[in-house]
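Read the structure below first, then the notes.
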Amino acid sequence: MIDTHCHLDTSRFDPDRPDVLTRAWTAGLEGIVIPAVGPDTWEPLLELPRRDARIQVGLGIHPQLLPELPAEQDAEHLERLDSLLAGGGAVAVGECGLDGPSTSGAPLERQVRVLRGHMALARKHGLPVLMHCHRLHPAMIEFLKEEPFPEAGLLMHSYSGGVELARFYVQKGCHFSFAGPVTWAEARKPLDALRAIPADRLMAETDSPDQAPTPYRGQRSEPGYLPRIIEGMAHVRGEPVEVLAQRTTANARRFFREAFPPSSR
């Protein structure tokens, strides 16, 4: 199993990060992808794969962080991102995307401009994109209708949209990962979408430390909870858990260009 989206670098893991990783490997995980949220984290994240190949990273600017960054520095940040990606060590561009609640501090026009820069870098460096979209799916659809699609692919992380939106994203060539909400009792729209997404486009994530699955909902999530999410996905799709675990793992290995070492299990 591969957790395709886990913010293991956040301060909420400072007290027990080594124990969190031990629990993840014990639970059967073979890899974890940590997406950056801002420029200050890029260089520290690049150190992680050098220490343990089971941990890989993406580099980008999360749209929720844009209100904290001066708009006049956007171009400078993207230039530095270009340089770091050229040096290797990252398996994806992101986390990046569009965020509705952040438009008061970072207008949609700015978010789109910065996202366009990320997409250009993904195409330039042959890397996939880790895409965030929250409450701005209409704008995302318009963006993807106009923006050239990255050849290496695009992953809609923690997908929460409905089935009709999913059909558009499938047609564009997107992949999808699902997090803890697929196990929540009130979940509806993402479950309908999960049933409709082609098997070769599916992956799993924890989005730790957020969105913990049942029965840990409301607590800090961690990568060791990924089996619970895969169980929930398998239940929704009516598939054996082991089959879905193997498929999502194979999909992640392929999407991230065989970045993770083969399992010795």
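As the structure is a computational prediction, the values presented were derived from the model and not from experiment. In what follows, residues are counted from 1 in the order of the sequence shown.
V20 approaches P223 most closely through the heavy-atom pair CG1-CD, 3.7 Å. Minimum interatomic distance between Q56 and P49 (heavy atoms only, all atoms of both residues): OE1-CB, 3.9 Å. Contact between D40 and R80 at its shortest, heavy atoms only, is N-NH2, 4.4 Å. In terms of heavy-atom proximity, A122 sits nearest to P150 at CB-CB, 4.2 Å. Shown here for L85 and A90, the closest heavy-atom pair between the two residues is CD2-CB, 4.0 Å. The nearest pair of heavy atoms linking R228 to P213 is CB-CG, 4.0 Å.
For the atom pair CG of L144 and CE of M140, the computed distance is 6.0 Å after rounding to the nearest 0.5 Å. Atom CG of residue L115 and atom CZ of residue R113 lie 12.0 Å apart, to the nearest 0.5 angstrom. For the atom pair CZ (F256) and CG (N251), the distance works out to 11.0 Å, reported to the nearest 0.5 Å. Rounded to the nearest 0.5 angstrom, L8 CG and I34 CD1 are separated by 4.5 Å. From E47, atom CD reaches atom CG of D9 across 13.5 Å, with rounding to the nearest 0.5 Å. With rounding to the nearest 0.5 angstrom, the OG atom of S177 is 7.0 Å from the NE2 atom of H157.
Within the 4.5 Å cutoff, no side-chain heavy atoms of H77 are placed close to those of L81. Contact annotation: the side chain of I230 never approaches that of P227 to less than 4.5 Å [non-hydrogen atoms, C-beta and beyond]. In this structure, T103 and L98 have side chains that are not in contact, with every pair of non-hydrogen atoms separated by 4.5 Å or more. Residues Q64 and S102 meet the side-chain proximity criterion, which asks for heavy atoms closer than 4.5 Å. Put simply, the side chain of Q171 does not reach to within 4.5 Å of the side chain of R167, judged on heavy atoms. Contact annotation: the side chain of V241 never approaches that of H235 to less than 4.5 Å [non-hydrogen atoms, C-beta and beyond]. Contact of the E30 side chain with the M1 side chain is not registered, since no non-hydrogen atoms from C-beta on lie closer than 4.5 Å. E239 places none of its side-chain heavy atoms less than 4.5 Å from the side chain of M233.
Classification of D82 and K124 as a salt-bridged pair holds, one side-chain N sitting under 4.0 Å from a carboxylate O. Between D210 and R12, at least one side-chain nitrogen of the basic residue sits less than 4.0 Å from a carboxylate oxygen of the acidic one, meeting the salt-bridge criterion. Taking the charged nitrogens against the carboxylate oxygens, E109 and R116 have no contact shorter than 4.0 Å, which rules out a salt bridge. For the pair E222 and R220, the salt-bridge criterion is met [side-chain N within less than 4.0 Å of a carboxylate O]. By the 4.0 Å N-to-carboxylate-O rule, K172 lies too far from E147 to be salt-bridged with it.
The main-chain N or O of I61 is found under 3.5 Å from a side-chain atom of H118 such that the two form a donor-acceptor pair. A donor-acceptor pair under 3.5 Å is formed between the side chain of R257 and the backbone N or O of G126. The closest donor-acceptor contact from the side chain of T214 to the backbone of T183 lies under 3.5 Å. Under a 3.5 Å cut-off, the side chain of Y159 and the backbone N or O of A193 do not form any donor-acceptor pair. No donor-acceptor pair closer than 3.5 Å links the side chain of R54 to the backbone N or O of I32. The closest donor-acceptor contact from the side chain of T4 to the backbone of A204 lies under 3.5 Å. Proximity of a side-chain donor or acceptor of R188 to a complementary backbone N or O of G162 within less than 3.5 Å is not detected. No donor-acceptor distance shorter than 3.5 angstrom exists from the side chain of T248 to the backbone of M203, with no hydrogens or angles considered. A distance-only check finds a donor-acceptor pair linking the side chain of Q111 to the backbone of D99 [under 3.5 Å]. Although no hydrogens or angles enter the test, the distance criterion places a donor-acceptor pair under 3.5 Å between the side chain of R17 and the main chain of T10.
Both W42 and L69 sit in one connected hydrophobic cluster of ILVMFWY residues. Membership requires side-chain heavy atoms under 4.5 Å apart, directly or through other members. Note: the hydrophobic cluster containing M156 also contains F168 (ILVMFWY, side chain heavy atoms under 4.5 Å, direct or indirect links). Transitive grouping of hydrophobic side chains (ILVMFWY, heavy atoms separated by less than 4.5 Å) keeps Y216 and F13 in distinct clusters. Linking Ile, Leu, Val, Met, Phe, Trp and Tyr whenever their side-chain heavy atoms come within less than 4.5 Å puts V236 and V170 in one cluster. In this structure, Y225 is not a member of the same hydrophobic cluster as L202, with clusters built from ILVMFWY side-chain heavy atoms closer than 4.5 Å.
No more than 12 heavy atoms of other residues, nucleotides or ligands sit less than 6.0 Å from atom CZ of R135. The 12-atom threshold is not exceeded at CD of E151, counting heavy atoms of other residues, nucleotides or ligands nearer than 6.0 Å.
No hydrogens or angles considered: a donor-acceptor pair under 3.5 Å links the side chains of H5 and E95. Under 3.5 Å, the side chains of S158 and D207 contain no donor-acceptor pair of N or O atoms.
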Applying salt bridge (charged side-chain N to carboxylate O under 4.0 Å, His left out), run through E186 and R217 and close with a yes or a no.
CA-CA 13 Å; E186 74 275 19; R217 187 176 181 181; 2.7 Å; yes
Let's go through E205 and V33 carefully: what are the C-alpha distance in whole Å and the side-chain angles of both, what is the deciding distance for side chain to side chain contact (heavy atoms under 4.5 Å, CB included) to 0.1 Å, and is it a yes or a no?
CA-CA 9 Å; E205 64 169 274; V33 178; over 6 Å; no
Which is it for D52 and W25 under the side chain to side chain contact (heavy atoms under 4.5 Å, CB included) test, yes or no, and what are the steps along the way?
CA-CA 12 Å; D52 189 337; W25 310 139; 4.1 Å; yes
Begin from the C-alpha positions of V93 and L130 and carry the test side chain to side chain contact (heavy atoms under 4.5 Å, CB included) through to its verdict.
CA-CA 6 Å; V93 173; L130 305 179; over 6 Å; no
Evaluate side chain to side chain contact (heavy atoms under 4.5 Å, CB included) for L21 paired with L29, printing each intermediate quantity in order.
CA-CA 9 Å; L21 282 171; L29 270 69; over 6 Å; no
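Screening H137, H175, R201 for a side chain to side chain donor-acceptor pair (under 3.5 Å) involving Y169 leaves a single residue, H137.
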